[in-house]
Every structure is written in structure tokens, then in C-alpha cells.
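Atoms considered below: every heavy atom in the structure, side chains included; atoms not considered: hydrogens, waters and symmetry mates.
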Amino acid sequence: GYEQNTPGRVPRLIPNYTVSKLVADGANAVKILLYYSPFEDKKVNEIKHAWVERIGVECAYNDIPYFLEFVGYPVKEGEEDNSLSFAKQKPEIVKRSMEEFSKDKYHVDVLKVEVPINMKFVKGARSF
């Protein structure tokens, strides 16, 4: 999840858990969901980058696979996830997010990538 009362969908972890505790409890992988937009405020994204990196370092230390799934979102106030303007931004959001989190410093083993288009706006699709 993320902090509902903080701008930028800043992620939060399950309290009192670390990768080491997850491994001790029998986990054989760690999967994280991150709301991310490269168009978000730089300070917010610095927090997210450090958060993802910290988890990756813990996973590497514990020799456990790290799955990261990012979900893009509209940064503009009042813009909806299903709007045409966000649909036009989504391919760039996905591309730049993949570029960022493919860097070695994050130790991500599997990057789960969302579909970079909204089928609602693809001419000829059933949902168009």
C-alpha cells in the first residue's frame, strides 16, 4: 500500500517485518507493489528509489528473489487513471519506469511490467 495522507503515493511496508524475518517465516521470494511515475516530484521519487533499493539489498543479502511490480498513476491533480490524457502518458511512464528499475543498484530479479496502453483508447478494440 501507500500513505493515503501523503502526496505522491509514498509506499509503506508491513510494520515489524524485514526480508530476514520473511525468510525465517518461510518466504521463498519477495514481491513489492510500487505506485510510480517518473513525472512525480523529484523528492517523492528519491524516497521511492531508496525504498526499492533498500529492499533489493536485503533480498540480495538473504539470497532471495526480488519481484518488483510498478503501477503508473497520473500525477496531475484531478486526473483519473482512465482519462485520455493519462493514456497518452502511460507508454512513457512504463518505459521510463523500466529504465529506472532495471538498474543493478536495485537488485530486482523480476520486474513485473504493466501493459503500457489503455485498450479503451485503442481503435478497433472491443473496449474502445
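Side-chain atoms of I93 and P38, non-hydrogen and from C-beta on, do get closer than 4.5 Å to each other. Taking the side chain as every heavy atom from C-beta outward, V57 and R54 never approach each other to under 4.5 Å. Within the 4.5 Å cutoff, no side-chain heavy atoms of D109 are placed close to those of F67. Annotation: side chain of R9 is in contact with side chain of K48 (closest heavy-atom distance under 4.5 Å).
Counting all heavy atoms, side chain and backbone alike, G8 lies closest to Y73 at O-OH, 3.1 Å. Across all non-hydrogen atoms, the minimal contact from S37 to N45 is O-ND2, 2.9 Å. Considering all non-hydrogen atoms of both residues, E58 and T18 come closest at OE1-CB, 3.5 Å. Taking both residues in full, the closest heavy atoms of F86 and P74 are given as CE1-N, 3.4 Å, listed atom of the first, atom of the second, then distance.
To the nearest 0.5 angstrom, F39 atom CZ is 9.0 Å from S97 atom OG. In this structure, CD on E100 lies 5.5 Å from NZ on K105, to the nearest 0.5 angstrom.
Applying the salt bridge (charged side-chain N to carboxylate O under 4.0 Å, His left out) definition to pairs two or more places apart or across chains, those involving residues 68-90 are K31-E69, E69-K112, K90-E114.
Side-chain contacts under 4.5 Å among hydrophobic residues (ILVMFWY), followed directly or transitively, place M98 together with L13, I14, Y17, V19, L22, V23, V30, I32, L34, Y36, W51, V52, I55, I64, Y66, L68, F70, V94, F101, Y106, V108, L111, V113.
The hydrophobic clustering, which links ILVMFWY residues whose side-chain heavy atoms are closer than 4.5 Å, places V115 and V122 together.
Open room surrounds OH on Y61; 12 or fewer heavy atoms of other groups in view lie less than 6.0 Å from it. Within a 6.0 Å radius of CG in D25, other residues, nucleotides and ligands contribute more than 12 heavy atoms.
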